[in-house]
Amino acid sequence: MTGVRISRTHQLTRTALGALSGLLAVGAALSAAELAAGALRPQAAPVVAVGGVTIDRTPAAVKDWAIRSFGTNDKLVLQLGILLVLGLLANGLGLLALRHRRAGAAGVFVFGVVGAVAALSRPDSAGVLDAVPSLVGALAGAALLWILTGRLKHLSSAAVSQSGGVRGRRRFLLVAASAAATSAAAGSLGRALGSSAGDQAVASRTAVRLPLPDSPARAVPRGAALRIAGISPFVTPNTAFYRVDTALVVPKVDATRWRLRVHGRGVSRPMDLGFQDLLRRELVERDITLTCVSNEVGGPYAGNARWLDVHLADLLREAGVRPPSQGGPADQLVSRSVDGMTIGTPVEQVMDGRDALLAVGMNGEPLPLQHGFPVRMVVPGLYGYVSACKWIADLELTTFAAYDPYWVQRKWARQAPIKTQSRIDTPKPFARPKAGTVMVAGVAWAQHRGVERVEVRVDDGPWRDADLAAQATTDTWRQWSLSWQATPGPHTLTVRATDGTGAVQTARRARTIPDGASGWHSVVITVD
């Protein structure tokens, strides 16, 4: 019986070490790939490349669910999910290699090839060099799995004595520990190299001195910012401003090397501009509220900022562009980011007199890296996915019939004016305020139309007019408040807004796909 127990112990140990071998091999592959990507291009790292492809291929409804469920952590969750799947597959490859070393090592290499193909397929691919990190990682991982499983092949209970098995396990663990330490060092060095690659971008942002605007924003009127606890501030701080995009790695663009190309249909004078070229142009300062099309009714993906910008329409006119209403041949302006994102904006709206802008500053400082430094688009009245290209590098005049940009290819609407929305910021859902005077407050927005009225309903009672804060411009959100004499018990508070055209916010519930959510925002509370 002792021999049987020893045999079982050896077998279980060998199986566990086989699974560990797979994990170590895949870890070595990722670390080697990270090191190569840090030396070449961080965006070519396999997890980033595969994650990007996953985002591109994920159905719109699933993306929308991820944004609702995880918010700005959706990319972190995706990367952790990829690593979890890789870990499970690594265990399987390690166990396979115990029986078939060549098959296990080949499996690791195949996953490296998948990463290489993913890197080459990305819209921002820099060419064949983007395949190098994944292939380097594949070779490193396959070689390590071959070595580790070679150490394990003599650990079967039939081949060694108990003392021999102990020595064999020690030798295996020594090799495994050395591999783990080397992988950790390589991964850390790769991340350091990748970080240093963005140091020039950070330095160029630090060096920017934004000029004073030639056309300053109007002073925010007295009474536009209410002093009510829990209400969204009139100006959203940069650190709190929402971020929704597909970039797993925030592009770090050196402003001293940045260029913007303007070309396409109806462009009689193509342009190629640098960052300083923009700063030397007439700069305007405007308060504009942005909204993401993924924002659910009552959701957080809206924010108001003061932008320093160049008028986009002026730039296009200098290039010879005319809007369709004046006989121009292009009805779509496709903006391209340095990471390959494409966004299509109606030329007519860009040139109809609204403050369609190329922004270089946000709330008194250069654009933060995560919000598009050095230059992004801002067009009031349109959802971000059809107007707010970040890290912009190219403007092409074309038609909606000729080209479908990124989100349109994924079944979102070609054109998407922002819908009238209102939100209750306080009290929060499931709050338990005391009976008596309760301040109900929030924000409403209908960019480029303005908000003329906000009404609040308690339970199934009549609609009551809320007090409106002063309206800064029709392109910003508007705060509102209502003093309510709350009675004990459960209550439902509902809000709706009326825009500057007299249109009342619809009660019809619509999902965010294909052109933005609609419906009234309600919160349920219990008054003590």
Side-chain angles (χ1 to χ4, degrees), residues 19 21-58 63 66 74-94 96-97 102-148 179-180 182-195 197-198 246-252 338-341:
S21 297
L23 281 175
L24 290 171
V26 169
L30 292 177
S31 296
E34 186 89 23
L35 179 58
L40 294 172
R41 208 172 76 92
Q43 291 83 354
V47 172
V48 175
V50 172
V53 170
T54 302
I55 290 174
D56 291 346
R57 301 293 174 86
T58 299
K63 289 181 186 176
D74 59 334
K75 300 172 186 64
L76 175 61
V77 171
L78 172 62
Q79 289 176 307
L80 291 176
I82 291 172
L83 292 175
L84 176 61
V85 171
L86 281 175
L88 294 174
L89 291 171
N91 283 332
L93 289 173
L96 173 63
R102 287 188 177 86
V108 173
F109 189 80
V110 166
F111 281 107
V113 172
V114 170
V117 171
L120 292 175
S121 69
R122 299 293 298 131
D124 64 333
S125 173
V128 293
L129 284 180
D130 276 2
V132 171
S134 292
L135 295 179
V136 168
L139 290 171
L144 181 59
L145 186 58
W146 181 268
I147 292 170
L148 290 176
T182 302
S183 296
S188 298
L189 180 57
R191 286 188 290 274
L193 289 173
S195 176
T246 63
L248 286 177
V249 176
V250 173
K252 294 181 179 178
V338 298
D339 69 346
M341 172 57 66

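Quantities reported herein were computed from a predicted structural model and do not represent experimental measurements.
Of all heavy-atom pairs spanning Gly94 and Leu145, the tightest one is CA-CD1, 4.2 Å. Nearest heavy atoms, Ala140 versus Ala28: CB-O, 4.4 Å. Contact detail for Leu35 and Ala186: the closest heavy-atom pair is CB-O, 3.8 Å. Taking all atoms of both residues into account, the shortest heavy-atom contact from Ala97 to Gly104 is CB-CA, 3.9 Å. Smallest separation of non-hydrogen atoms from Ala119 and Ala44: CB-O, 4.2 Å. Counting all heavy atoms, side chain and backbone alike, Ala142 lies closest to Ala105 at CB-O, 3.4 Å.
In this structure, CG on Leu93 lies 11.0 Å from CG on Leu88, to the nearest 0.5 angstrom. Remark: Leu189 CG to Ser31 OG distance equals 11.0 Å, nearest 0.5 Å. Put simply, CG on Leu139 and OG on Ser134 are 11.0 Å apart, with the number rounded to the nearest 0.5 Å. How far CG of Leu96 is from CG of Leu89: 11.5 Å, rounded to the nearest 0.5 Å. We find the CG-CG distance between Asn91 and Leu86 to be 11.0 Å, quoted to the nearest 0.5 Å.
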* After noting the C-alpha distance and the side-chain angles of Val26 and Phe111, does the key distance pass the side-chain contact (heavy atoms from CB on, under 4.5 Å) rule? -> CA-CA 9 Å; Val26 169; Phe111 281 107; over 6 Å; no
* Asked: After noting the C-alpha distance and the side-chain angles of Asp130 and Arg41, does the key distance pass the side-chain contact (heavy atoms from CB on, under 4.5 Å) rule?
  -> CA-CA 7 Å; Asp130 276 2; Arg41 208 172 76 92; 2.9 Å; yes
* **Stepwise side-chain contact (heavy atoms from CB on, under 4.5 Å) check, Thr246 with Met341** => CA-CA 8 Å; Thr246 63; Met341 172 57 66; 3.4 Å; yes
* To do: Go through the steps to decide whether Val108 and Leu144 satisfy the test side-chain contact (heavy atoms from CB on, under 4.5 Å), and finish with yes or no.
  => CA-CA 10 Å; Val108 173; Leu144 181 59; over 6 Å; no
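Although no hydrogens or angles enter the test, the distance criterion places a donor-acceptor pair under 3.5 Å between the side chain of Ser121 and the main chain of Ala118.
Counting only heavy atoms from C-beta outward, the side chains of Ser183 and Leu24 never approach each other to under 4.5 Å.
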